[in-house]
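In this text, all values refer to a predicted model and were calculated from it rather than measured experimentally. Reckoned from all heavy atoms, side chains included, excluding hydrogens, waters and symmetry mates.
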Amino acid sequence: MALSSVQILGTGQLLDLSRRLRSVSGAPIQRNMVRRIRRAAEPLHRDMQNTIRHLDLHADRRRPGSHGGPSPTNRPFRAALAEAVRISVRASSSPGARVFVDKGRLPRDISAGVLHQLNSGRLRHPVFSNRSRWTNQRTTPMWWERTVREHTPRMQAEVARVLDDVRRQLE
């Protein structure tokens, strides 16, 4: 499972329904299906953002004699990461819902690899962009996968319910 996206796809069923919706003039049915699939993914989206906002980051201890200083930015790091988590729902080609990290919404000084590092439990980065001094911060490993696992059964059940409802409407 890729860290940067979560996909709930019943590939065969969704593709079949998508084709049938296109062949029938089912625009209202399709909009309803998309809205309900989005609604099924929204709790994961919110929980993922909350998990990122409340990640417990611990810095390694400083060496004796080293001094800290003020942050060069006033932007909250975790909030910036959480704002980059998005939902995408498609009903046409490769239909389904995706909860993913939109790299374009990350601040320029934060790379998408930061989330991969955080998910591994360790974030290594230069001290205030000084590439000759590096530090580590630690957090709970595998938080992304755990959050997804908690929501997957509910999302799969909701998507199956939506597909059954749409199938009934098309008959």
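Among all heavy-atom pairs drawn from V162 and M33, the shortest one is CG1-CG, 3.7 Å. When every heavy atom of F77 is checked against every heavy atom of V114, the shortest pair comes out as CZ-CG1, 3.5 Å. Looking at every heavy atom in both residues, A82 comes nearest to I52 through N-CG2, 3.7 Å. Nearest heavy atoms, P107 versus A80: CG-CB, 3.9 Å.
Atom CG of N136 and atom CG of L57 lie 11.5 Å apart (nearest 0.5 Å). Taken to the nearest 0.5 Å, the CG atom of L81 stands 6.5 Å off from the CG atom of L118. One finds the CZ atom of R98 at 14.5 Å from the CD1 atom of I37 (value rounded to the nearest 0.5 Å). Atom CD in E158 sits 14.0 Å away from atom NE2 in H151 (nearest 0.5 Å). Between the CH2 atom in W143 and the OG1 atom in T51 there is a gap of 7.5 Å [rounded to 0.5 Å]. Atom CZ of R78 is separated from atom OG1 of T139 by 8.0 Å, given to the nearest 0.5 angstrom.
For the pairing with Q117, the side-chain contact (heavy atoms from CB on, under 4.5 Å) check across R122, R124, Q137 returns one residue only, R124.
With sequence neighbours excluded, the residues satisfying side chain to side chain contact (heavy atoms under 4.5 Å, CB included) with N50 are R53, H54.
Remark: D164 does not engage R161 in a salt bridge, criterion side-chain N to carboxylate O under 4.0 Å.
Using a 4.5 Å cut-off on side-chain heavy atoms (C-beta onward), R35 and R38 make no contact. In this structure the side chain of V99 reaches within 4.5 angstrom of the side chain of V85, judged on heavy atoms.
For N119 (side chain) and W144 (main-chain N/O), a donor-acceptor pair under 3.5 Å exists by modelled atom type.
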